[in-house]
> 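Structure provided below as structure tokens; questions to follow.
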Number of protein chains: 2
Amino acid sequence: MGKCEQCIIKEFNALKSLTKEELMRVSACKTGRLYKKGQIIFEEGETLNGVYCVRDGVCKLSKLSENGKDQVVKLVVKGGLLGKRSLVTEQKTNLSAVALNDMEMCFIPKSEIMSDLSKNPKFTMDVLREMAHDLKESDESLVNMAQKSVKRRMAEILMYIHDNFGTDNEDYLSIVLSREDYASIVGTATESAIRILSQFKKEGLISTRGKQIKIEDYGSLKWIE
Amino acid sequence: MGKCEQCIIKEFNALKSLTKEELMRVSACKTGRLYKKGQIIFEEGETLNGVYCVRDGVCKLSKLSENGKDQVVKLVVKGGLLGKRSLVTEQKTNLSAVALNDMEMCFIPKSEIMSDLSKNPKFTMDVLREMAHDLKESDESLVNMAQKSVKRRMAEILMYIHDNFGTDNEDYLSIVLSREDYASIVGTATESAIRILSQFKKEGLISTRGKQIKIEDYGSLKWIE
DNA sequence: TTTAAAATATGATATTTGTCATGGAATTTT
DNA sequence: AAAATTCCATGACAAATATCATATTTTAAA
């Protein structure tokens with residue numbers, strides 16, 4: 001396993017604000033973890049005693065609703081940090097994390113990073129900024145859920161994945177999700193998600209190959225309502 | 001206007017972690033502001049250069065959706081801080097704040113409080129904790145919006161207001177909102193909000209007197225689905 | 001490869017929610 | 001107090017979405 005101070009992943013998250021010395025200390029105590037597609041990283045209600053740094057792969061952060069359905073709150077890819085909240089609260093985590101494909105992660109124990117949080121203001125501010133960003137995104141999703149149609153939300157998540165996580169060399173979305181996952185992101189029944197994607201396909205907005213999805217007409221997707 | 005260091009409001013937010021000296025400095029530069037019911041405190045897209053500390057009254061934080069409807073994201077009462085995000089980001093605010101009744105607030109310029117944020121780790125951690133809490137709440141609302149029926153959401157907001165903001169001496173909810181506000185919190189059409197409240201009334205779950213609402217049967221409200 | 005299981009697809013139908021229209025009640029303004 | 005305005009209420013209907021049922025296809029397992 002590599003050293004944190006040389007890992008380029010850190011550039012994408014708050015860890016970049018740690019000093020070289022701090023990073024070396026973190027590096028010494030971190031543990032690498034591999035997760036297979038579908039594997040649970042942690043579950044709602046668990047006590048996390050550290051943060052996870054995503055080196056490769058994608059996972060979903062979700063929360064179980066009282067009706068028994070899972071709602072995806074956020075997708076996290078390479079460079080993302082999981083469990084930031086655990087650094088500031090003693091509370092158990094309110095979200096579950098599940099790998100959507102094979103993943104490679106580093107786990108950094110809370111004990112090791114807490115001192116940095118109190119001593120390195122630059123790092124703290126960075127964590128604060130990331131949290132503020134998450135909050136803004138969450139508020140936006142909240143408004144979308146409350147005010148937009150399922151079809152619109154589906155169009156938006158396709159564009160979101162396209163814009164933020166990119167495509168492979170054949171223009172297929174690089175993140176491959178099941179229809180059930182799409183339903184659980186958009187907040188609808190699986191059948192409805194399937195129906196809408198079928199409709200998009202018929203209308204030539206997207207094309208599919210197995211689970212893979214390619215956006216064929218971004219411009220029109222944008223104006224779906 | 002009183003002095004921050006003697007103001008009991010601060011006990012309810014991150015300002016409690018400032019030292020006496022810091023509080024005196026803040027006190028010297030803060031400005032008191034009064035807002036009347038319905039008055040706009042700030043609007044989405046504005047640049048906030050400070051935080052607002054709510055001394056009295058209630059306001060709603062909302063965001064305009066693309067469909068032209070306002071979605072309430074959070075209610076803030078005595079002790080709450082508005083504009084925390086502005087302390088960590090240069091970005092314009094993503095929310096609007098509107099007074100729901102007459103309000104009394106203190107405005108603390110960003111410039112004055114920023115130095116504390118970088119020098120007083122206890123304060124920073126407190127802001128971080130509040131932000132983490134907001135994020136958790138926002139995620140929960142997101143899941144509720146996505147997975148629960150309008151009726152359920154209405155029942156929950158009534159209970160939320162009851163539990164968090166209390167009642168007057170006749171058991172009426174101490175926060176009085178228009179049906180339109182309820183609709184915009186729950187994320188539904190005003191007519192739907194009206195209809196549901198009427199139904200609750202018919203079923204004896206609540207009673208009303210003008211705009212005032214009294215919860216008559218908390219137990220049953222809890223089991224609405 | 002065959003079988004079993006899971007995921008996708010689609011129809012039929014029920015339920016929920018939104019929209020438009022209209023009237024009455026409450027509040028504010030003149 | 002009258003008029004005007006805003007808010008609340010409710011019916012009728014339309015649209016969106018969920019649910020149930022049942023194929024079909026794809027994927028995983030034996």
Side-chain angles (χ1 to χ4, degrees), chain A residues 36-39 65-71 98 100-102 144-158 172 176-203 206-214 224-225, chain B residues 36-39 65-71 98 100-102 144-158 172 176-203 206-214 224-225:
Chain A
K36 275 179 287 184
K37 178 181 173 179
Q39 203 178 338
S65 175
E66 285 162 35
N67 65 4
K69 286 187 191 162
D70 237 17
Q71 175 64 42
V98 176
L100 289 174
N101 48 35
D102 291 354
N144 288 344
M145 284 295 171
Q147 303 280 353
K148 294 180 181 172
S149 71
V150 173
K151 204 194 288 182
R152 186 76 226 270
R153 268 139 56 195
M154 183 64 83
E156 290 192 357
I157 187 65
L158 291 174
Y172 285 96
V176 176
L177 300 171
S178 69
R179 304 295 196 251
E180 197 182 357
D181 280 328
Y182 274 108
S184 147
I185 292 172
V186 163
T188 190
T190 306
E191 296 96 320
S192 299
I194 289 173
R195 245 181 266 274
I196 288 171
L197 287 175
S198 298
Q199 194 194 337
F200 284 177
K201 206 157 62 173
K202 269 185 206 138
E203 293 170 352
I206 64 171
S207 63
T208 63
R209 187 173 63 189
K211 276 196 217 280
Q212 293 181 90
I213 294 180
K214 189 196 300 193
I224 290 276
E225 52 177 284
Chain B
K36 274 179 289 184
K37 178 181 174 180
Q39 203 178 339
S65 176
E66 286 163 34
N67 65 5
K69 287 186 192 164
D70 237 18
Q71 177 64 41
V98 176
L100 289 175
N101 47 35
D102 292 353
N144 288 344
M145 284 295 171
Q147 304 279 354
K148 295 180 180 171
S149 71
V150 173
K151 204 194 291 184
R152 186 76 227 267
R153 269 139 57 197
M154 182 65 82
E156 289 192 358
I157 188 64
L158 291 174
Y172 285 97
V176 176
L177 300 170
S178 69
R179 304 295 195 252
E180 196 183 357
D181 281 327
Y182 275 108
S184 147
I185 292 171
V186 163
T188 190
T190 305
E191 296 94 321
S192 298
I194 290 172
R195 245 182 268 273
I196 288 171
L197 288 175
S198 298
Q199 195 194 336
F200 284 178
K201 206 158 63 172
K202 267 184 208 139
E203 291 169 354
I206 63 172
S207 61
T208 62
R209 187 172 62 188
K211 276 196 216 281
Q212 292 181 89
I213 294 180
K214 189 196 299 193
I224 288 276
E225 50 177 285

> Mapping B/Glu191 and B/Ile196 onto DNA chain C by nearest heavy atom, which one lands closer to the 5' end?
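It is B/Ile196 whose nearest nucleotide is closer to the 5' end.
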
> Decide, yes or no, whether a salt bridge links A/Arg195 with A/Glu191 under the criterion of side-chain N to carboxylate O below 4.0 Å.
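No.
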
> Does a nitrogen or oxygen in the side chain of A/Lys148 sit under 4.0 Å from OP1 or OP2 of C/dG18?
no

> B/Gln212 has an atom CD; how far is it from atom P of C/dT27, in whole Å?
10 Å

> Would you kindly give the CE-to-P distance between A/Met145 and D/dT17, to the nearest whole Å?
12 Å

> Under 4.0 Å between a side-chain N or O of A/Lys201 and OP1 or OP2 of C/dA9?
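So the side chain of A/Lys201 is within the cut-off, an N or O lying under 4.0 Å from OP1 or OP2 of C/dA9.
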
> Just checking B/Lys202: base, sugar-phosphate only, or nothing, at a heavy-atom cut-off of under 4.0 Å?
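No contact.
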
> Roughly how many Å is it from CZ in B/Arg152 to P in C/dT16, rounded to a whole number?
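Going from CZ in B/Arg152 over to P in C/dT16 covers 15 Å.
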
> Exactly one of B/Met154, B/Arg152, B/Glu156 should register a side chain to side chain contact (heavy atoms under 4.5 Å, CB included) with B/Val186. Which one does?
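Of the listed residues B/Met154, B/Arg152, B/Glu156, the side chain to side chain contact (heavy atoms under 4.5 Å, CB included) partner of B/Val186 is B/Met154.
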
> I need the CD-C1' distance between A/Glu225 and D/dA15, as an integer number of Å.
13 Å

> Over how many whole Å does the gap from B/Leu100 atom CG to D/dC7 atom C1' extend?
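Checked: the CG to C1' distance equals 16 Å.
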
> Could you pull out the closest heavy-atom pair between A/Arg153 and A/Gly187, with the gap in Å?
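It is NH2-O, 3.1 Å.
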
> How many Å lie between CD on A/Gln199 and C1' on C/dT10, as a whole number?
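To the nearest whole Å, that distance equals 13 Å.
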
> Of A/Ser149 and B/Glu180, whose nearest nucleotide on DNA chain D comes first from the 5' end?
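Result of the comparison: B/Glu180.
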
> Reading DNA chain D from 5' onward, which residue's closest nucleotide shows up sooner: A/Gly210 or B/Leu197?
B/Leu197

> When the distance from CZ of B/Arg209 to P of D/dC8 is rounded to whole Å, what number comes out?
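My rounded result for the distance is 16 Å.
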
> Can you tell which of C/dT19, D/dT10, C/dT8 lies closest to the side chain of B/Ile194?
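Taking heavy atoms from C-beta onward, the closest nucleotide is D/dT10.
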
> Whether A/Lys211 contacts D/dT26 is assessed here as follows: a side-chain N or O lying under 4.0 Å from the phosphate OP1 or OP2. Is that the case?
no

> Could you tell me whether A/Glu180 atom CD has more than 12 heavy atoms of other residues or ligands within 6.0 Å of it?
no

> Indicate whether OP1 or OP2 belonging to C/dG18 is found under 4.0 Å from a side-chain N or O atom of B/Ser192.
yes

> Need one value for B/Thr188: base, sugar-phosphate or nothing, where a base atom within 4.0 Å counts as base even if backbone is also close, heavy atoms only.
sugar-phosphate

> Is any N or O donor-acceptor pair between the side chain of B/Arg195 and the base of C/dT19 shorter than 3.5 Å?
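Yes, the side chain and the base share a sub-3.5 Å donor-acceptor pair.
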
> Give the rounded distance in Å between these two atoms: CG of A/Leu177 and C1' of C/dA7.
14 Å

> Report yes or no: do B/Lys201 and B/Thr208 form a side-chain donor-acceptor pair below 3.5 Å?
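Distance-only check passes for B/Lys201 and B/Thr208.
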
> Counting only side-chain nitrogens and oxygens, does A/Ser198 get under 4.0 Å of the OP1 or OP2 atom of C/dT10?
yes

